[in-house]
Amino acid sequence: MNIQAHDDLKSYIWEIANRLRGPYRPPQYRLVMLPMVVLRRLDCVLEETKDNVLKEYERLTAQDMPENAMDRLLSRAADPERTQPLYNTSPFTFERLLGDAENIAPNLVSYINGFSPTARAIFEKFKFTDQIEKLDASNRLFTIVKAMASVDLHPDRIDNLQMGYLFEHLVMRFNEQANEEAGDHFTPREVIRLMANLVFTNEQDVYTPGIFRTIYDPACGTGGMLSESEKFILGQNSRAQLALHGQEYNDESWAICCADMLIKDEDTKNIVLGDTLGDGKTHDGFQGRSFHYMLANPPFGVEWKDQKSVVEREHKDMGFSGRFGAGLPAINDGSLLFLQHMIEKMHPFEEGDEDATGSKIAVVFNGSPLFSGDAGSGPSNIRRWIIENDWLDAIVALPDQLFYNTGIFTYVWLVTNRKAPERRGKVQLIDGTRFCERMKKSLNNKRNEISDDQINDLTRLYGEFKDGEQAEVVVDHKTGEKETRVVSRIFENREFGFLKVTVERPLRMNFEATPERIARLNDQTAFANLAASKKRKDQAAMQREIEEGRKQQDAIRQVLAALESGGRYIDREEFDADLTSTAKRVGLKLAGPVKKAIFSALGERDPDAEICRDSKGRAESDSELRDTENIPLPEGTQLPLPMDFGPDKPNDRLVKTFRGVIDTYMEREVLPHVPDAWVDYDKTKVGYEIPINRHFYVYKPPRPLNEIETEITALEGEITGLLKGLVT
């Protein structure tokens with residue numbers, strides 16, 4: 001691809017877009033320019049055979065040919081080698097439209113209506129006819145059509161790959177103008193190339209001549225993942241038979257993707273318009289289907305409230321028979337929903353069964369899916385489900401400032417149900433955060449890019465599967481400083497799991513009936529409710545009830561005041577006994593809730609007090625001293641763990657299996673410091689997290705203090721000099 005010519009083309013089309021200023025604001029340019037570029041591309045593709053199509057259309061119309069048959073014959077007249085119909089039966093082209101400036105609006109509508117059904121559907125989703133009327137009314141239509149007519153988008157000059165780059169550049173520019181949020185971005189091509197390299201590494205079958213394979217993207221956008229995957233495979237196996245499938249919920253992106261597919265003579269029916277997760281109106285467009293390879297960059301950091309009812313119903317009603325059995329992530333990030341969706345579409349795999357091909361997935365996430373959610377939560381359970389089934393193959397950490405609309409770090413997850421024997425039971429983590437180069441000119445938030453050599457290096461690291469492999473990387477782009485660092489680590493699956501154990505401490509309180517503590521009773525709900533009445537209709541009865549309650553409150557205060565002479569109690573049982581006997585002497589019966597209110601008001605935590613116990617003599621736990629310990633799963637742990645999956649399931653089998661591990665940990669790490677602690681085994685949960693940054697962290701000692709002091713002194717001198725200049 002001629003980079004300079006491509007840059008000139010992008011600049012010229014943007015110059016045309018700027019001619020819309022006035023009737024359109026810059027964020028609205030996309031409404032005109034995206035369909036206009038698609039229209040001009042189709043015009044260039046069909047121009048050479050236009051007359052042949054018109055003659056054939058006239059002949060078939062005269063014969064009253066059925067529409068289905070006419071569709072095939074007209075497509076053959078446009079290009080006998082095509083399998084997907086693409087033609088235009090109107091007499092117009094861009095050049096001919098310019099010959100009748102007065103009627104350009106109706107003629108342009110007629111031109112669009114003359115396309116084959118699939119192409120017409122694309123422009124319907126663009127809603128382009130609405131813009132034609134607006135352009136004509138503002139006297140911009142002829143100007144834009146004339147300018148676009150001078151742009152040569154013929155495939156001989158602009159191939160499909162370059163056309164994809166052009167579309168993505170325009171979408172990026174329009175997103176920038178519209179100030180789209182970080183989750184609404186498309187994937188840079190070098191990231192897609194890296195994902196394709198990774199997902200097809202060690203995939204020998206895909207390079208077999210004549211092999212048939214399906215590729216799927218559940219959030220396909222303009223189709224970059226699909227196009228790049230196709231290019232990668234066909235570049236090494238031109239005889240491969242590939243079927244591309246995708247789903248996209250945005251009309252414009254779907255239309256661009258379909259236009260790209262149509263021009264390449266691929267079936268646009270495989271690109272479904274609608275919400276992949278399901279929003280009540282649209283749903284998964286490939287229910288019951290499986291695919292060999294899946295690549296996606298789903299929206300991350302984006303809420304899934306619109307899909308909430310559908311997703312929660314499927315999770316509850318279908319469990320693991322549906323897509324979301326493992327759990328649901330937080331409502332503010334639906335990334336892991338897409339991964340579960342893709343896993344549900346994996347082909348089954350069994351060793352030695354040629355028909356059980358299995359599947360492989362590459363998906364881009366932000367950092368949240370690595371560690372969000374506590375043990376037993378939806379995100380943790382999803383990670384657990386994937387890792388314990390031995391589907392997580394590798395995670396590659398990418399540099400920051402790599403995407404156009406967000407500067408955050410991102411991660412490529414590789415997931416498969418047919419790991420190579422040497423990779424089974426293990427996960428590879430690759431630190432690719434420094435495999436990038438600074439761009440000469442940034443594009444919005446994109447300031448870094450991954451070179452082809454760096455893509456090859458990361459692919460090699462993944463393919464070689466070595467623990468502790470090192471590479472020389474740039475640690476400071478400003479100075480060019482380099483260091484040799486470990487960039488590949490291999491872990492056992494169980495190393496990402498842990499037991500979250502709840503450690504309790506006994507409640508110890510002293511009690512004292514001082515006026516200050518007695519006054520706290522007024523803040524206790526049970527005590528305050530004594531002087532309240534639920535009777536609303538009978539005012540007299542309500543007032544009597546309130547008065548009786550106040551008398552009871554006063555009686556309780558008097559009983560407590562009588563206990564003041566007893567001083568400070570450090571045993572709740574002794575205080576309870578004196579309280580009960582004193583109340584009994586004056587004929588006052590204390591209900592359970594009221595007694596609890598008294599204990600709460602008159603009690604204070606005291607580490608030297610006796611342990612508070614329940615009616616069965618068991619120590620009560622102090623919620624303020626409650627703590628948790630994360631215990632790593634020990635070596636030799638067999639996965640999956642013996643536990644009914646889900647946050648509300650019993651954990652008896654889990655505790656039975658790990659009781660010894662938990663008790664040993666307590667004896668070694670906890671009891672020497674707090675001998676009165678114990679474990680609430682019923683609260684034991686399993687958690688999974690992937691702290692990839694921790695495993696590649698390199699400690700940098702702080703600079704010497706004298707060096708910092710010297711620098712501060714120098715800065716103070718500079719500031720003093722500046723201030724003197726201001727004063728004089």
Whether F291 and H245 hold their rings parallel, tilted or perpendicular, with breakpoints at 30° and 60°: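 Because their plane-to-plane angle lies in the 30° to 60° range, the rings of F291 and H245 count as tilted.
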Provide the closest heavy-atom pair for [X] versus [Y] in the form atom of the first, atom of the second, distance.
X: L328; Y: V311; result: CD2-CG1, 3.6 Å
X: V38; Y: A259; result: CG1-CB, 3.6 Å
X: V272; Y: G285; result: CG1-CA, 4.0 Å
X: V199; Y: Y293; result: O-CE2, 4.2 Å
X: V310; Y: G280; result: CG2-N, 3.4 Å
X: F365; Y: P298; result: CE2-CG, 3.9 Å

Side chains of [X] and [Y]: donor-acceptor distance under 3.5 Å anywhere?
X: D71; Y: N68; answer: no
X: T83; Y: D265; answer: yes
X: Y24; Y: Q131; answer: yes
X: S11; Y: D8; answer: no
X: E48; Y: H154; answer: yes
X: D275; Y: Q307; answer: yes
X: D333; Y: S335; answer: yes
X: E230; Y: S227; answer: no
X: H292; Y: T214; answer: yes
X: Q247; Y: Y216; answer: no
X: N88; Y: R120; answer: no

Under a 4.0 Å N-O cut-off, is there an ion pair linking [X] with [Y]?
X: R30; Y: E252; answer: yes
X: R82; Y: D267; answer: no
X: K446; Y: E190; answer: yes
X: K127; Y: D130; answer: no
X: E56; Y: R59; answer: yes
X: R438; Y: E449; answer: no
X: R193; Y: D452; answer: yes
X: K55; Y: D51; answer: no

Ignoring hydrogens and angles, tell me if any N or O in the side chain of [X] forms a donor-acceptor pair with the backbone of [Y] under 3.5 Å.
X: S253; Y: G221; value: no
X: E248; Y: T222; value: no
X: T89; Y: G114; value: yes
X: W413; Y: V364; value: no
X: R447; Y: L402; value: no
X: D279; Y: T282; value: yes
X: T49; Y: N52; value: no
X: N448; Y: D400; value: yes
X: D284; Y: T276; value: no
X: T201; Y: N197; value: yes

Might you confirm whether atom [atom1] of [X] has over 12 heavy atoms from other residues, nucleotides or ligands at distances under 6.0 Å?
X: K146; atom1: NZ; result: no
X: K264; atom1: NZ; result: yes
X: E133; atom1: CD; result: no
X: Q236; atom1: CD; result: yes
X: E58; atom1: CD; result: no
X: E67; atom1: CD; result: no
X: K134; atom1: NZ; result: yes
X: N139; atom1: CG; result: no

Could you go through the side-chain contact (heavy atoms from CB on, under 4.5 Å) check for Q84 and T118 one step at a time? CA-CA 9 Å; Q84 303 300 322; T118 302; over 6 Å; no
Side-chain heavy atoms of [X] within contact of [Y], under 4.5 Å:
X: Y57; Y: Y87; result: no
X: L194; Y: I450; result: yes
X: M195; Y: V363; result: no
X: I215; Y: M294; result: no

To the nearest 0.5 Å, tell me how far [X] [atom1] sits from [Y] [atom2].
X: I104; Y: T143; atom1: CD1; atom2: OG1; value: 9.0 Å
X: K345; Y: Q340; atom1: NZ; atom2: CD; value: 13.0 Å
X: D260; Y: R41; atom1: CG; atom2: CZ; value: 8.0 Å
X: N107; Y: I132; atom1: CG; atom2: CD1; value: 10.5 Å
X: F115; Y: L46; atom1: CZ; atom2: CG; value: 6.0 Å
X: D64; Y: M70; atom1: CG; atom2: CE; value: 8.0 Å

Quick one: are the ring centres of F92 and Y111 less than 6.0 Å apart? no
Would M33 and M148 satisfy side-chain contact (heavy atoms from CB on, under 4.5 Å), going step by step from the backbone distance to the final call? CA-CA 10 Å; M33 294 309 300; M148 286 302 302; 4.1 Å; yes
Verify side-chain contact (heavy atoms from CB on, under 4.5 Å) between V396 and Y411, making sure each step is shown before the conclusion. CA-CA 6 Å; V396 181; Y411 305 82; over 6 Å; no
Under the side-chain contact (heavy atoms from CB on, under 4.5 Å) rule, what do L234 and L242 come out as? Steps first, then yes or no, please. CA-CA 9 Å; L234 295 180; L242 304 177; 4.1 Å; yes
Give me the one residue out of H341, Q287, E344 that meets side chain to side chain donor-acceptor pair (under 3.5 Å) with R323. H341
